[in-house]
Each structure stands twice: as structure tokens, then as C-alpha cells.
**Student:** 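Below you will find the structure I want to go over with you.
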Amino acid sequence: MTITQEPRIDVPAPRSSPPVPTTASVPGRLRAVAPRLIAPVALAAILLGFGLLSPVFLSVGNLAGVLGQMAILALVATGLTIVVRAGGIDLSIGVAVDLAALGAAALIADGYRAWVAIVVGLLFGLLVGAVNAALIVGLRIPPFLATLSVWFIGTSVQQLLTGGGAPIYLSKPRVPIEFALLGRGYLVDVDGVIVSAALVALVVGALLGATRWGRGVTVTGEQPTAARISGLRINRITASAYLLCSLVAGFAGVILASRTNGFVPGSGQAYLMDAIGAVFIGATLSRFSRVSVPGTMIGVLIFALLSNGMNLVGLSFFWQGLGRGVVLLAILLLGVLLTRNTPAGKGNLARFFTRPAPRATTTETD
């Protein structure tokens with residue numbers, strides 16, 4: 001009997017599978033994070049660029065002055081953040097600022113107490129929000145058209161109430177000290193307007209991010225159909241968003257009247273475009289292109305530093321508008337391009353700029 005050895009069969013070793021790129025890989029993480037770095041990088045570029053062009057730009061005194069100048073814009077943009085987060089837009093927010101400033105300045109000029117002027121100014125601003133809510137929620141008019149109509153009406157009302165646009169100047173001896181401190185006071189060597197804007201931003205940010213009402217506003221703005229099916233009272237939430245937006249704008253108008261010691265028709269409307277730009281610049285910080293109060297503050301800071309830097313280098317007013325527009329457009333387009341290929345890149349910002357995908361054709365079957 002012979003024992004034969006079975007032929008040896010060499011089994012090839014299993015090949016290691018090639019690495020599959022996942023979203024958790026380094027390039028994937030960079031692609032996901034890149035859109036959120038646009039606004040901070042733009043802010044750093046502005047600081048570096050104007051810091052090299054002007055030796056005064058990065059001084060403590062100049063930066064403190066910038067914060068004081070941006071405070072009213074920060075208030076207006078904070079109010080607008082509420083409405084945009086709820087899925088709307090408010091083109092009449094400048095009218096709320098102007099009417100509040102007009103009411104407060106007129107009452108101070110007539111010798112009323114400071115608290116009366118402040119309360120009436122806030123009510124004037126709130127009136128604009130009530131009209132917007134009635135048109136949008138009650139009559140189902142699209143927010144853009146409703147607030148545009150209120151903008152026209154409010155602008156004309158200012159002209160009528162001021163005799164064709166005559167400004168109101170308050171003489172210092174007749175201005176109560178409480179009203180003067182609201183716009184020109186200091187708290188521990190810090191401009192009081194900066195403190196007021198910071199407190200309002202903190203309160204609104206907490207309302208939007210940490211309350212049930214804030215979650216309702218977010219769902220109403222991003223998924224209105226789901227919000228309606230889940231039983232949320234979206235009409236009430238939308239109306240409250242417009243009212244709170246106008247109340248914040250009215251507060252900005254009262255501060256504007258106190259800070260400038262009077263009222264100039266149309267002065268509040270100058271903040272509208274910068275506020276809209278700041279809100280949508282801030283949306284690039286979010287993975288879901290979601291507007292937020294911290295993001296809006298970054299946008300406001302970009303606009304304030306940009307304006308201050310262009311003034312310091314002696315750029316004319318006509319070129320400043322071009323500069324703001326180019327920076328805004330570059331930031332928003334980069335945000336759209338960088339978020340287009342990411343799974344979470346279909347937020348408000350992308351929807352605002354890109355066309356919706358064509359609907360798939362369906363065939364009817366019996």
C-alpha cells in the first residue's frame with residue numbers, strides 16, 4: 001500500500017478590498033465643513049486686507065466705534081432673522097424703524113415723558129407687524145408682495161405726517177435724560193447701544209434655539225406641510241414671528257431717534273438691504289443653510305467692517321456700494337456652489353438661488 005500525497009493547491013490569499021471613500025473620510029469632512037468656513041474666512045480677509053491698507057483700522061478705538069455703528073443694523077437684522085427663519089421675508093422692516101423713530105421723536109418734541117415716547121414708538125413699530133400678519137396670515141397674500149405694499153404705504157405715511165419729509169430735530173435741553181441715555185449712554189465704558197443690541201440678540205437667539213416656540217418657527221419655515229400635519233398652529237406662529245420682528249425693529253427705531261437726536265424720514269430704510277444680506281451671509285455658517293442669530297451677527301460684522309474699511313482707505317460712496325455687492329455675491333455664490341453636492345446642501349440658501357429640480361414624469365396605470 002502506497003500513500004500518495006495529495007497535490008497541494010495554492011489558495012490565493014484574499015485580496016484586501018480597496019478603501020471605499022465615505023462621508024466620514026477626511027476629504028468628505030472637508031467638503032462638509034468648507035461651506036461653513038466661507039463667512040469666517042471672508043471676515044478674516046477683510047480684517048487682514050484693511051489692516052494692511054490702513055494703520056488705524058485694527059486699532060481698539062476704531063473697532064469699538066465699528067461695534068457702536070453696527071448696533072442698530074444688528075437689531076434690524078435680528079428682527080429679520082425671525083421672519084426669514086419662519087419662511088417669510090419682511091421688506092417693510094425699515095418702515096417699522098422709521099415710524100417708531102417718528103413717534104418717539106415727535107412726542108419728545110411735544111414735551112412728553114421719555115417712557116411715553118418709548119412705548120408709543122414701540123407700538124408704532126408693532127403696528128407694522130400687525131398689518132403684515134393680517135395680510136399674510138389672514139388674507140393669504142405672499143409675504144414679498146404684502147410687505148412690499150406696506151413699505152409703499154409706510155413711506156407715504158411718513159411723508160404725510162412730516163409735511164413732505166421735513167425732519168424733526170430735538171434740542172438737547174428738551175430731551176429727557178432717560179431718553180438720551182437710551183441711545184447715547186455708557187455702561188462701564190461700553191456704548192449702551194452695543195449692550196442693548198447684544199441683549200436683544202441673546203434673547204431672540206434663546207427664543208429661536210431653546211424654546212418650543214422657536215422649534216415651531218423653524219419647522220414652519222423649513223417644512224410647512226409637515227408642521228401642518230403634525231398639528232402646529234402655523235398661522236399663529238407666523239403672525240407672532242412678524243409681530244416680534246416689528247417689535248425689535250421698533251426698538252431699533254427708538255434708539256435711532258435717541259442716538260441721532262431727532263428723526264429723518266427714510267433713515268431706517270437704509271438698513272433694509274444690509275440686513276437682508278447679513279441674514280443670508282449668516283446662513284452659510286449652518287450645515288442646513290439655516291438662518292440664525294449668531295450667523296446674522298457675523299454677517300452684520302462683515303458689512304460694518306467692510307464699510308468702515310472702505311471709508312478709511314478713501315473709497316468713494318459710489319464704489320462702496322459696488323464693493324458691498326461684490327462681497328455679498330461672492331459669499332453667497334460660494335455657499336451655493338460648495339453645498340450643491342453635499343447631502344445637506346439643500347437648505348434655504350440653495351433653494352433661494354438654484355432652480356428646483358424638474359418633476360419626474362409619471363405614467364398613469366390602471
**Student:** Decide whether Val264 and Leu161 are clustered together by the hydrophobic rule: side chain heavy atoms of Ile, Leu, Val, Met, Phe, Trp, Tyr closer than 4.5 Å, transitively.
**Tutor:**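 Different clusters: Val264 never reaches Leu161 through Ile, Leu, Val, Met, Phe, Trp or Tyr contacts under 4.5 Å.
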**Student:** Taking all atoms of both residues into account, what is the closest heavy-atom pair of Ala77 and Val300, and its distance?
**Tutor:**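 Looking at all heavy atoms of both residues, the shortest contact is CB-CG2, 3.7 Å.
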**Student:** Is the closest basic N to carboxylate O distance between Asp274 and Arg324 below 4.0 Å?
**Tutor:**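 Arg324 and Asp274: salt-bridged.
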**Student:** Give a yes or no on this: more than 12 heavy atoms of other residues, nucleotides or ligands lie within 6.0 Å of atom CD of Gln159.
**Tutor:**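 Atom CD in Gln159 is crowded, with more than 12 foreign heavy atoms closer than 6.0 Å.
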**Student:** Are the side chain of Thr211 and the backbone N or O of Gly214 linked by a donor-acceptor pair below 3.5 Å?
**Tutor:**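 Confirmed, Thr211 side chain pairs with Gly214 backbone.
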**Student:** I'd like to know if Asp110 pairs up with Arg174 as an ion pair, taking the criterion as any Lys NZ or Arg NE/NH1/NH2 lying under 4.0 Å from an Asp or Glu carboxylate oxygen.
**Tutor:**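 Salt bridge: no.
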**Student:** What are the two closest heavy atoms between Ala114 and Ile108, and how far apart are they?
**Tutor:**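 Scanning both residues completely, I find the closest heavy atoms to be CA-CD1, 4.1 Å.
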**Student:** So, Thr218 and Arg85: side-chain donor and acceptor under 3.5 Å apart, yes or no?
**Tutor:**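 Per modelled atom types, Thr218 and Arg85 side chains form a pair under 3.5 Å.
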**Student:** For Tyr242, what are the other residues in its hydrophobic cluster, where any two members join if their side-chain heavy atoms are less than 4.5 angstrom apart?
**Tutor:**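 Val83, Ile136, which link up through side-chain heavy atoms under 4.5 Å apart, make up the rest of the cluster.
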**Student:** Spell out, yes or no, whether Leu73 and Leu305 are grouped together once hydrophobic residues are joined by side-chain heavy atoms under 4.5 Å, including indirect joins.
**Tutor:**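 Same hydrophobic cluster.
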**Student:** Could you tell me if Ser307 and Gln320 have a donor-acceptor pair between their side chains, going purely by distance under 3.5 Å?
**Tutor:**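 Absent: no donor and acceptor within the cut-off.
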**Student:** Do any N or O atoms from the side chain of Ser258 and from the backbone of Phe179 form a donor-acceptor pair under 3.5 angstrom?
**Tutor:**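 Yes, because the side chain of Ser258 sits within donor-acceptor range (under 3.5 Å) of the backbone of Phe179.
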**Student:** What is the minimum heavy-atom distance between Gly129 and Leu243, and which atoms define it?
**Tutor:**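 Scanning both residues, the minimum pair turns out to be C-CD2, 3.7 Å.
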**Student:** Members other than Leu181 in its cluster, when Ile, Leu, Val, Met, Phe, Trp, Tyr link by side-chain heavy atoms under 4.5 Å?
**Tutor:**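 Once heavy-atom contacts under 4.5 Å are chained together, Leu181 belongs with Ile177.
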**Student:** Run the ring-ring contact (aromatic ring centres under 6.0 Å, His included) test against Phe303 and tell me which residues pass, sequence neighbours left out.
**Tutor:**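 None.
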**Student:** Mind checking who shares a hydrophobic cluster with Val60, ILVMFWY linked at side-chain heavy-atom distances under 4.5 Å?
**Tutor:**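 Hydrophobic cluster check, Val60: no partners found.
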**Student:** Could you work out the complete set of other residues in the hydrophobic cluster of Leu48, with links drawn between I, L, V, M, F, W and Y side chains under 4.5 Å apart?
**Tutor:**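 The other cluster members (ILVMFWY side chains, heavy atoms under 4.5 Å, direct or chained) are Leu52.
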**Student:** Can a donor-acceptor pair be found, under 3.5 Å and without considering hydrogens, that links the side chain of Glu178 to the backbone of Trp115?
**Tutor:**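 Side chain of Glu178 to backbone of Trp115: no pair is present.
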**Student:** Pick from Asn235, Ile234, Asn132: which one makes a side chain to side chain contact (heavy atoms under 4.5 Å, CB included) with Val137?
**Tutor:**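 Of the listed options, the one satisfying the test is Asn235.
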**Student:** For the side chain to side chain contact (heavy atoms under 4.5 Å, CB included) test, which of Ile331, Leu306, Ile302 pairs with Leu43?
**Tutor:**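 With Leu43 as partner, Ile331, Leu306, Ile302 yield a single side chain to side chain contact (heavy atoms under 4.5 Å, CB included), made by Ile302.
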**Student:** Does Leu202 share a hydrophobic cluster with Val204, counting links as ILVMFWY side-chain heavy atoms below 4.5 Å and allowing steps through other members?
**Tutor:**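 No.
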**Student:** Sort and list the pairs that fulfil side chain to side chain donor-acceptor pair (under 3.5 Å) and have at least one residue in residues 36-64, not counting sequence neighbours.
**Tutor:**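 Passing the test, one end in residues 36-64: Asn62-Asn308.
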